Amino acid sequence: MPASRKSPRDPGEPRTPGSVEVPPERLARRLGRLYGGLVLYGASLALMVRADLGLGPWDVFHQGIAGHSGLTIGTVVIITGAAVLLLWIPLRERPGLGTVSNVIVVGLAMDGTLAALPEPGALAVRAPLLVAAVALNGVATGLYITARFGPGPRDGLMTGLHRVTGRSVRLVRTGIELVVLAVGFLLGGTVGAGTVLYALAIGPLSQFFLRVLAADGPTGTDGDGPGDTSDGTADDTADGAEGRPERRRRRRAILRP
């Protein structure tokens with residue numbers, strides 16, 4: 001008696017949790033987006049350091065810690081990311097592959113780029129380098145978020161505190177970044193025109209590249225559509241379906257300036 005073969009699922013048939021399989025080529029494309037985005041993210045942060053005109057709030061903090069600890073700034077990024085990830089435990093946030101990868105890859109890419117890139121002296125070189133770094137950061141953000149493998153540790157901290165405290169994501173994000181910026185500045189981190197440019201530009205840039213890359217990215221009913229969780233598995237339970245609009249709203253709010 002021939003073995004029975006499972007017929008393809010009818011498009012109108014309800015999906016059960018865990019039954020969705022992602023085609024290998026689509027998974028490979030998503031992984032390429034994730035790791036390509038994280039490497040570019042780390043490189044963009046290194047370019048901002050080399051421009052020496054001011055860093056984003058978290059990197060002012062990282063640079064201040066690095067200056068006092070003797071560690072490389074990329075190592076501090078990794079240690080800080082791991083420490084922030086531990087704060088997810090009481091907040092009951094769930095990390096994905098992208099979350100853990102973010103902790104490691106961004107710091108390594110940052111140190112690697114700094115080692116390969118000499119320090120430019122002239123302002124005529126450093127100013128365009130800063131602008132290019134902020135733009136590249138926006139592209140990188142769009143790449144790794146549209147890969148749908150989970151948020152970075154700092155973004156998860158913001159959304160977790162938002163859920164626990166009931167405060168808006170914008171307020172929570174602003175509060176956290178003001179604290180790390182102040183501590184980093186007191187420790188000697190670089191605050192300047194680049195800090196202001198990053199604060200004003202990264203939200204609009206990230207939203208723009210998210211729209212562009214999402215339109216070009218993987219979609220459909222095989223694990224990559226809007227109904228999926230950040231780690232690529234289906235979330236078709238009643239509770240997951242009801243929570244989806246709230247999760248989408250929080251993800252959009254993270255990128256608002």
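Predicted model, so just to flag it, every value in this text is computed and none were measured.
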Within this structure, what is the OG1-CG distance for the pair Thr113 and Leu45, rounded to the nearest 0.5 Å? 9.0 Å

Do Val60 and Leu186 sit in one hydrophobic cluster, given that two such residues count as connected whenever their side-chain heavy atoms are within less than 4.5 Å of each other, even indirectly? no

With rounding to the nearest 0.5 angstrom, report the CG to CG distance, Leu53 to Leu123. 6.0 Å

Pairwise side-chain contact, Leu181 with Thr195, heavy-atom cut-off 4.5 Å (strictly under): yes

Any side-chain heavy-atom pair from Leu161 and Ile176 closer than 4.5 angstrom? yes

Show me, pair by pair, the donor-acceptor contacts under 3.5 angstrom made by side chains of residues 198-205, not counting sequence neighbours?
| from | atom 1 | to | atom 2 | distance (Å) |
| --- | --- | --- | --- | --- |
| Tyr198 | OH | Asn137 | OD1 | 3.3 |

Should Phe209 and Thr141 be marked as a side-chain contact (heavy atoms from CB on, under 4.5 Å) after you check the CA-CA gap, both sets of side-chain angles, and the distance that decides it? CA-CA 8 Å; Phe209 287 112; Thr141 299; over 6 Å; no

Minimal heavy-atom distance between Leu55 and Val49, with the atoms involved, is CD2-N, 3.6 Å

What donor-acceptor contacts under 3.5 angstrom involve side-chain atoms of residues 78-88, with partners at least two apart or in another chain?
| from | atom 1 | to | atom 2 | distance (Å) |
| --- | --- | --- | --- | --- |
| Thr80 | OG1 | Val76 | O | 2.8 |
| Trp88 | NE1 | Pro153 | O | 2.9 |

Going through the distances and angles, do Tyr35 and Ser101 end up as a side chain to side chain donor-acceptor pair (under 3.5 Å)? CA-CA 8 Å; Tyr35 290 107; Ser101 299; 2.8 Å; yes

Verify, without hydrogens or angle tests, whether His68 (side chain) and Leu187 (backbone) share a donor-acceptor contact under 3.5 angstrom. yes

Residues passing the side-chain contact (heavy atoms from CB on, under 4.5 Å) test with Pro120, sequence neighbours excluded, are Arg50, Val125, Arg126, Leu129

Should Glu25 and Arg29 count as an ion pair when the cut-off is N to O under 4.0 Å? no

Smallest separation among heavy atoms of Val169 and His162, with atom names: CG2-CG, 3.4 Å

Residues Leu213 and Gly142: closest non-hydrogen pair is CD1-C, 3.4 Å

Given side chains that start at C-beta, do those of Asp111 and Thr75 come closer than 4.5 Å, heavy atoms only? yes

Test side-chain contact (heavy atoms from CB on, under 4.5 Å) on Leu97 and Leu31; report intermediate values, then the result. CA-CA 10 Å; Leu97 173 64; Leu31 287 170; 3.7 Å; yes

Would a single hydrophobic cluster contain both Leu91 and Leu171, if residues Ile, Leu, Val, Met, Phe, Trp and Tyr are joined by side-chain heavy-atom contacts under 4.5 Å? no

Tightest non-hydrogen contact, residues Ala109 and Gly42, listed as CB-CA, 4.0 Å

Take Asp59 and Met48, measure what side-chain contact (heavy atoms from CB on, under 4.5 Å) needs, and give me the verdict at the end. CA-CA 9 Å; Asp59 293 306; Met48 288 189 70; 5.8 Å; no

If you take all heavy atoms of Gly37 and Ala140, which pair is closest and at what distance? O-CB, 3.3 Å

Do Glu119 and Asp52 come close enough that some side-chain heavy atom pair is under 4.5 Å? no

Give me the atom names and distance for the closest heavy-atom approach of Ala46 to Met110. CB-O, 3.6 Å

Thr99 vs Pro151 side-chain heavy atoms within contact, under 4.5 Å: yes

Does the cation-pi check pass for Arg30 over Phe149, that is, NZ or CZ under 6.0 Å from the six-membered ring centre and within 45° of its axis? yes

If we only count heavy atoms from C-beta on, is the Arg170 to Met158 side-chain gap below 4.5 Å? no

Identify whether Leu197 and Leu178 are in the same connected component of the hydrophobic contact network (ILVMFWY, side-chain heavy atoms under 4.5 Å). no

Trp58 versus Arg154: any side-chain heavy-atom pair under 4.5 Å? yes

